[in-house]
Amino acid sequence: MKSGLSALIHPHTIEEFFASYELNEPFVVHDNNEHMKVIRDLPFLESLEKLLTSWPSLIQAHLPDVRDESSSIDTNTKDAQKLFNNGMGLLFNETQTISPLLVEWLEEIKKNLGLSAMTYARCLVYATPDGKGTAPHFDQNINFVYQVHGTKVWHMAPNTDLENPLTRHTMGTMPDPEMMGYLEAPLPTKMPANAETYELKPGSILFVPRGYWHSTEAEGDALALNFTFTAPTWLDLFTAALRSRLAMSPDWRETANGVSDPDFRHLAEKKFDLLLGSLVQDLPHWRAGDILDAIEPQEN
Ligand SMILES: [Fe+2]
């Protein structure tokens, strides 16, 4: 029996998936029942009621006004059912904490994708009431959605406005300060006209590429399990390596004194320039292999 990535994309091959993955395009599979049975048979995925009785911690309920994760409250399992009946979507975060099998699958998929050991991998279950869903947005993570119960319609469009976003963004809201710094033009406020529609039914799998615009709507009450990966970028790997390298130096570990004092600012700048000068001398000797050997040792 297949597991991990090869189970998710069955009957397609890993090569077919990667051809699409490299283009940052969605990948959809329907009626994937045979190899997903082991996940489908997890007792807590039998129904929302079953999940609520198995769940040991708080649940995020999404307020119906914005239809977005950024507008949510934490609730207990008792109130969650009532909120769901009143049209609020529920999010069970880190679902792998109640299932060693999900932990194994997350680890396997992460390896299959070739992602860093520093990747934050987690499962999420979304319970969505009939007619509800999420407003158009993109996420910075990469995501596989497994539709367990009900029908969910996904509208998806390539993000031609912003390549490789570092955080999520919902249309019509303010981008975060870091995103404002690298945005070249304002982001759209409605779904692009070339959006495609995917109808997920029980047994459907959808790969949602990083940064891809999407909005969703449930037709009938729906339950979906997500395998979500927040993987480090080159920027993350470099800054992690830079920090551990510089932390070896007592001079770099020194408190940045005087930077906000007009009388001492010039001395602070002089000191900082000396440190930058020493880094410039060191950088030509940096090799990707050395950095990766330190932070990402290969298994033999
Ligand atoms: Fe999303």
Side-chain angles (χ1 to χ4, degrees), residues 1-48 50-51 54-57 91-128 139-152 154 156 198-210 212 214 216 222-232 296-300:
M1 195 58 68
K2 292 177 177 176
S3 60
L5 182 60
S6 56
L8 288 173
I9 60 165
H10 178 81
H12 299 277
T13 63
I14 297 279
E15 289 72 25
E16 278 177 85
F17 173 76
F18 272 107
S20 169
Y21 180 77
E22 278 158 24
L23 297 171
N24 215 41
E25 286 177 352
F27 196 87
V28 69
V29 181
H30 296 293
D31 302 315
N32 189 350
N33 298 314
E34 187 191 345
H35 297 276
M36 292 305 292
K37 191 178 182 307
V38 63
I39 300 290
R40 171 69 188 78
D41 286 348
L42 286 168
F44 59 84
L45 290 181
E46 203 178 285
S47 62
L48 175 58
K50 207 69 189 280
L51 180 56
S54 319
W55 192 249
S57 45
L91 167 60
F92 300 77
N93 197 358
E94 308 243 13
T95 324
Q96 80 281 4
T97 52
I98 60 166
S99 167
L101 182 69
L102 292 181
V103 174
E104 277 172 37
W105 273 54
L106 283 169
E107 194 56 33
E108 189 175 342
I109 300 163
K110 184 175 82 181
K111 277 204 184 124
N112 298 148
L113 292 172
L115 299 176
S116 165
M118 288 157 62
T119 300
Y120 171 39
R122 64 189 163 137
C123 281
L124 307 148
V125 169
Y126 286 94
T128 316
D139 302 291
Q140 82 279 20
N141 46 42
I142 53 184
N143 193 20
F144 291 90
V145 180
Y146 170 41
Q147 193 65 34
V148 186
H149 299 293
T151 301
K152 192 109 159 256
W154 283 68
M156 302 186 74
Y198 299 88
E199 194 180 65
L200 304 192
K201 295 202 172 277
S204 298
I205 308 270
L206 174 67
F207 170 71
V208 186
R210 185 176 158 208
Y212 219 83
H214 55 281
T216 63
L223 195 84
L225 170 71
N226 289 28
F227 295 90
T228 300
F229 302 87
T230 311
E296 201 81 42
Q298 285 186 295
E299 291 168 22
N300 291 312

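Since we're looking at a predicted model, the values are computed, not measured. Residues take their numbers from the sequence shown, with the count starting at 1.
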If we only count heavy atoms from C-beta on, is the Phe92 to Ile98 side-chain gap below 4.5 Å? no
His10 versus Val29: any side-chain heavy-atom pair under 4.5 Å? no
Indicate the atoms forming the closest heavy-atom contact of Met156 with His214, along with that distance. CG-CB, 4.1 Å
For the student: nearest non-hydrogen atoms of Glu108 and Ser3, plus distance: OE1-OG, 2.9 Å
Less than 4.5 Å apart, any side-chain heavy atom of Leu102 and any of Leu42? yes
Quick one: are Met1 and Val38 in side-chain contact, heavy atoms under 4.5 Å? no
Looking at CD1 of Ile39 and NZ of Lys37, how far apart are the two atoms once the value is rounded to the nearest 0.5 Å? 12.0 Å
Asn33 and Arg40: side chain donor to acceptor below 3.5 Å: no
Nearest heavy-atom neighbours spanning Ala117 and Lys110: O-NZ, 3.8 Å
Any sub-3.5 Å donor-acceptor pair from Arg210's side-chain atoms to Gln140's backbone N or O? yes
Check against side-chain contact (heavy atoms from CB on, under 4.5 Å), Thr216 and Trp154: CA-CA 5 Å; Thr216 63; Trp154 283 68; 3.4 Å; yes
In short, Tyr126 meets Lys152 closest at the heavy-atom pair CB-NZ, 4.4 Å
Please name the pair of heavy atoms, one in Ala224 and one in Val145, separated by the smallest distance, quoted to 0.1 Å. CB-CG1, 4.0 Å
Point-to-point distance, once rounded to the nearest 0.5 Å, from CG of Leu223 to CD of Gln147: 8.0 Å
Which of Leu225, Asn226, Asn93 passes side-chain contact (heavy atoms from CB on, under 4.5 Å) with Cys123? Answer is Leu225
Is any side-chain heavy atom of Thr119 closer than 4.5 Å to one of Leu113? no
Tyr21 and Phe207: aromatic ring centres closer than 6.0 Å? yes
Among Phe17, Phe227, Phe27, Trp105, ring-ring contact (aromatic ring centres under 6.0 Å, His included) partner for Phe144: Phe17
Gln96-Glu94 side chain donor-acceptor pair, cut-off 3.5 Å: yes
Would a 4.5 Å heavy-atom cut-off, applied to side chains only, mark Lys2 and Leu8 as touching? no
Considering the options Thr13, Leu23, Ile9, Leu5, which one meets the side-chain contact (heavy atoms from CB on, under 4.5 Å) requirement together with Phe18? Leu5
Determine whether Asn141 and Arg122 make a side-chain contact, defined as any pair of heavy atoms from C-beta on separated by less than 4.5 Å. yes
What are the two closest heavy atoms between Pro209 and Pro26, and how far apart are they? CG-N, 3.5 Å
Reported NZ-to-CD1 distance for the pair Lys111 and Ile109, which is rounded to 0.5 angstrom: 12.5 Å
Side chain proximity check, Thr228 to Tyr120, heavy atoms < 4.5 angstrom: no
To the closest 0.5 Å, what do you measure between NE2 (His149) and OG1 (Thr128)? 12.5 Å
side-chain contact (heavy atoms from CB on, under 4.5 Å) assessment of Leu200 paired with Tyr146: CA-CA 9 Å; Leu200 304 192; Tyr146 170 41; over 6 Å; no
